[in-house]
Every structure is written in structure tokens, then in C-alpha cells.
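What follows is a single structure, written as C-alpha cells, with notes after it.
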Amino acid sequence: MKAVFVGGGSLRLMGILRQAMSVPGLFDDGEINLYDLDARRSEVIGRMLMKTPEFSKISCKIVWNTSLEKALEGADMVGVIMMAGSPMSYRFGGEICLKNGFIASDNVSPNGAFLALKGGPIVLDIARKMEKLCPDAWLLDFANPVAVLSGIVNHHTKIKALGVCQGYTNHQADLTRIIMRKDKYCYDYDLDVAGVNHLSFIIRGSLRGKDIFPMLDKKTALPWIPPKLNPFYGKGPLNSIKNLARIYRELGVLIFSTEGDGMMHLMYDECLEDVLKNHAPKTKAKVKAEIARIRKQRQETDLWFQAHLDKNLPGSFWKKNFCEKGIFNKCPREDIFIRILVGIAGNNKVKIATSFPNNGAVRGFPDRTVLEYSQLICKDKIEPVENLYVPDVVYGMTASLAIHQTMLADSIATEDPKLLARALLSYPIRPYSKAAKKLSRELLKVNADEISPKLRKATDYL
């Protein structure tokens, strides 16, 4: 297998590729190509991967610093790991969202829509190069918002693209915390899901062959006392399982990937109030200072990471559970990248959940609509799990988000400003309102220098 990673200098690739290289036969006589605009970063990742015990056991080339065209030539899989646009437009865009009464994130939010406006043309260019250089390869998009970028590629090129999310494995920890009251991962779940990325729903599920829903009925009943969790992770996991249990009790639905920006759509006003309560508005100067601080921290981390290239790293170093800052650790064996790579390379169907055009998979949705749902992948074939649906109580919100993201994809690929305006106004929180129009105009202004001149004209329709 030849696997290409665009954004190959990303530190997160250490965990993904250590795990991938440990899968028997996956990269035998294969190639891992790390492409990055910052050639030094991809070289450091490549050289560090060659120091790992997993690499020493396989016959695989690790390549960096080629042209993008050379990297793509003959690829079986192309992973896109990046965040498009400037930190300034993204972070100040978040301030604008809050000022106008909307929550910001990098995915299902107005600010996420503008990330797509900046990342979409990049992914589209990669896909068009793939049409010539590796037309049968899969494109795995990790950049948010994954559903929009999946729609751009699938509907406007000949390349097959899956929108993948690191939150794929969240349920393995959060369900375990609720059902077993243990703060650890369990890999023994078999789930069928449907919805949109960050807000898809488990419609069937078992744990070691037993239906999880009777267990949940019992384990989430009031009075509910949350389990004790490792304080190392902060309040995030505890808030996640509290909200999972609450939403299950109140609405009877079980969220698959417990990502905050998706979950908040089921309790939006309450979440917005909490965010604003703890938020001190920032001027552009304060945002710039924050970006500078984060950039300095990243540079320090990069230097710390690079220093390991000149060290002798014994086997005990690689075996640590929390190997220095977590950067060197293997990702979970059920990571979505790993599952897809195994499916592409193997002879057996592998169950996954990714963002992909519906094509009749989830009942009640148009074929073109991009949804996250359970699929079976094997080599170059993908098929949905049978009998998928979105629960009635959340169907309206799910459909609105999915159509909004699919419209965004079409507007970006065609550079249609009128369609972009309609897509922005269709976001299902206060849709078509004066507040939505004002927010869209302000976000178009702050992102103007980074998006297509044609799409800037969306202001004329707002």
C-alpha cells in the first residue's frame, strides 16, 4: 500500500502511523509519503517514525519532501490533515459568532462553514490531481468540517472521499464510563449509527453480544451519580457523559460521537448561555496576542520533539502508556484511519462510520445529502449497513444540518455566491433571521482576503 498524508508534518501522525505500521502486512513493501508545505516538519516526522520499533519490523519506505504530484502518483490512500486559513480569521470569527449570539467551532457552526470556504478549494485541487495521478485512490479528509469537504470531492470530482473524525472512538470510552462505570476504553461494542458528524446517533448497539439499550435504561435512570474519572483529562469527559445520560433520558436518543459542538444543538440556548457566562470578549489585539502565545508554545513543542531525533530511545520509551506528552503514543487500535486502511488493504469488509453522500443509505434523506453513517468498506468498494434511519425526535435538526452542509459544498465547488448566501442562512439556529444575515456579512468581511472573490459577492444576497 502507498499512503500519502497531506499535512504530513502534523504531530498527530506519530500515533496514527505507529498503530498502522503495527498491523501485520499493511505496509509490507509499501510506502508512506509525508507531504507538507513546511518540508522540515515532514522530515522530522519521517525520521522519527523510522526510529520506532514498529518500523524496524516492516519493509516499508517512508518518504518526504517530494512534490505533491510525485507524492500522489500511484497512491492507494490520500489523507488530508490540515486546518486551512489563518488563525486570526478563525479565532476572531469565533468572537464575531459569540457577539451575535451563535456558538463557534471548527465543524457544525457558522465559523466552521467559513473554514470550509478556505479548505474546500485546497481539497478540491488535491482531488483533481488525484483524478490524473491515482484515480482509484480513496481520499480521507480529516480537516473540518469533514462533511462539507466530503461533499465537495464526491459531488464535483471522480474521487471517492470519506470525511473521517477522530471522535469515532469516543463512544468506546464514554459508553464504558456509563455502562460499566469504568474510566477506560472498551473495544467490544458493535454499533450502527446515522446522523451528521459530531451529531450522529446510535440506533442499534451491542456490547459483547448483548443489547446496550436495556443497560442504558438502567444505568442512566435517576438518581444518577456519575462515575469517578481520572482528573488528568479535566472536566470534558465528565460533562460529556452527563449530557449523554441526560439527552438519553429526555429524548430517548444516544449520541455516537460526544463532540461538544454537535451535542449543543440539542440544548443550544443553555449552552450559549454557559459559554457567554465564562467568556471575556477579545479585541483583535488580544486575539493576535493569544495566537502569538499559542504559536510560541507550538514552536517549543516542535523543538522538544525534534530533540528526540538525536537521542537513543530504548524499547522502554516506546512502551510507556503516556509516552511524554502523548505525542509518541500509538492511537487506539480502532482509530478510524486504521480501520479504513485495513479495509482498503484487506479481503474482508470492515465496519466504519464516515461522512459520505447518502445514496439511499439512510431513509428519508435525498441521495446527494452528505451524512455520517455506518458503512462496510473493502478495497475499492463501500456499502451502507442495512436499515439505517435517524430517530424522529432529532430528524428535523439532523436534516437541516445535513442539507446546510451539502449546500455549502455545492456553493464552494461551483463558486456560486447566491447559493452560498442561501446555505449560510439555512444553518438551523435562527435561520433566515436578521441575526443570521448580520453574522454572515461580518464573517464574510473578516474572511474576505482568504476566500474566492466570486464567493465574497454572497454579501449582495444578504
Side-chain angles (χ1 to χ4, degrees), residues 103 107-108 147 165 167-182 186 188-227 236-274 351 353 355 358 361-365 369 371-375 384-405 428-429:
I103 297 175
N107 196 357
V108 278
C165 180
Y168 176 84
T169 57
N170 285 358
H171 69 278
Q172 295 170 341
D174 287 337
L175 288 183
T176 305
R177 290 164 178 149
I178 294 173
I179 294 174
M180 301 182 191
R181 299 185 67 79
K182 294 180 179 178
C186 175
D188 299 330
Y189 297 97
D190 182 18
L191 308 177
D192 292 339
V193 309
V196 293
N197 182 231
H198 288 194
L199 190 63
S200 54
F201 301 92
I202 300 171
I203 56 174
R204 290 181 294 272
S206 62
L207 170 59
R208 298 170 187 151
K210 294 184 178 180
D211 190 340
I212 62 171
F213 287 99
M215 303 179 201
L216 286 162
D217 291 339
K218 181 178 180 180
K219 296 293 184 176
T220 62
L222 295 174
W224 187 73
I225 301 174
L238 181 59
N239 290 336
S240 291
I241 62 171
K242 282 182 176 179
N243 287 325
L244 272 179
R246 171 189 164 183
I247 291 170
Y248 183 70
R249 284 193 302 269
E250 293 180 0
L251 300 181
V253 295
L254 182 61
I255 296 174
F256 169 57
S257 175
T258 44
E259 303 281 355
D261 66 332
M263 187 182 290
M264 73 183 184
H265 285 80
L266 303 184
M267 42 187 180
Y268 201 91
D269 288 344
E270 179 182 327
C271 290
L272 178 61
E273 183 179 338
D274 286 343
K351 184 184 282 191
S355 295
N358 185 39
V362 184
R363 65 175 180 251
F365 288 85
T369 305
L371 295 165
E372 181 176 82
Y373 59 93
S374 293
Q375 303 132 344
V385 169
E386 293 183 352
N387 191 26
L388 294 174
Y389 61 92
V390 171
D392 289 348
V393 69
V394 289
Y395 178 88
M397 178 61 73
T398 304
S400 296
L401 286 170
I403 295 294
H404 156 72
Q405 292 191 314
I429 304 300

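Quick note: numbers below take in every heavy atom, side chains included, and nothing from hydrogens, waters or symmetry partners.
- With contacts defined as side-chain heavy-atom distances shorter than 4.5 Å, the pair Asn387/Arg363 qualifies.
- Under the side-chain hydrogen bond (donor to acceptor under 3.5 Å, both in side chains) criterion, Asp274 pairs with no residue at all, not counting sequence neighbours.
- A donor-acceptor contact under 3.5 angstrom links the side chains of Tyr248 and Asp217, judged on distance only.
- With rounding to the nearest 0.5 Å, the separation of CD1 in Ile212 from NE2 in His171 is 8.5 Å.
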List the steps, then state whether side-chain contact (heavy atoms from CB on, under 4.5 Å) holds for Asn107 with Glu259.
CA-CA 10 Å; Asn107 196 357; Glu259 303 281 355; over 6 Å; no
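- The side chain to side chain contact (heavy atoms under 4.5 Å, CB included) test with Ile103 singles out one residue from Leu272, Asp261, Ile429, and that residue is Leu272.
- Residues Pro226 and Leu238 approach most closely at CB-CD1, 3.6 Å, considering heavy atoms.
- Summarising the local packing, CG of Leu222 is surrounded by more than 12 heavy atoms from other residues, nucleotides or ligands at distances under 6.0 Å.
- Other residues, nucleotides and ligands contribute over 12 non-hydrogen atoms within 6.0 Å of the NZ atom of Lys351.
- Taking NZ from Lys242 and CZ from Arg177, the interatomic distance works out to 13.5 Å, rounded to the nearest 0.5 Å.
- Between the side chain of Ser257 and the backbone N or O of Gly167, at least one donor-acceptor pair lies under 3.5 Å.
- Here the shortest heavy-atom pairing between Trp224 and Arg249 reads CB-NH1, 3.8 Å.
- Side-chain contact between Asp192 and Ile202: absent, with no pair of heavy atoms (C-beta onward) separated by less than 4.5 Å.
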Q. Can you list the steps and then say if Leu251 with Arg246 is a side-chain contact (heavy atoms from CB on, under 4.5 Å)?
A. CA-CA 8 Å; Leu251 300 181; Arg246 171 189 164 183; over 6 Å; no
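- For the residue pair Glu372 and His198, the shortest heavy atom distance occurs at OE1-N, 4.4 Å.
- Annotation: side chain of Val193 is not in contact with side chain of Tyr373 (no heavy-atom distance under 4.5 Å).
- Here the CE atom belonging to Met397 is positioned 7.0 Å from the CG atom belonging to Leu266, to the nearest 0.5 angstrom.
- Under the 30°/60° scheme for interplanar angles, the aromatic rings of Phe365 and Tyr395 are found to be tilted.
- Between Lys219 and Ile178 the shortest heavy-atom distance is CB-O, 3.6 Å.
- Judged purely by atom type and a 3.5 angstrom limit, Ser374 has no side-chain atom pairing as donor or acceptor with the backbone of Ala353.
- For the pair Gln405 and Asn197, the minimum side-chain heavy-atom distance is 4.5 Å or more.
- Of all heavy-atom pairs spanning Leu244 and Ile255, the tightest one is CD2-O, 3.6 Å.
- In terms of heavy atoms, Cys186 sits closest to Thr176 at CB-OG1, 3.3 Å.
- For the 3.5 Å distance criterion, the side chains of Asp174 and Thr258 qualify, holding a donor opposite an acceptor.
- Applying the ring pair (Phe, Tyr, Trp, His ring centres under 6.0 Å) test to His265 and every residue at least two apart in sequence or in another chain returns Tyr268, Tyr427.
- Between atom CG of residue Leu401 and atom CG of residue Leu199 there is a gap of 6.5 Å, rounded to the nearest 0.5 Å.
- Going from atom OH of Tyr189 over to atom CG of Leu175 covers 5.0 Å, rounded to the nearest 0.5 Å.
- Note that CD1 of Ile241 and OG1 of Thr220 are 11.5 Å apart. Values are rounded to the nearest 0.5 Å.
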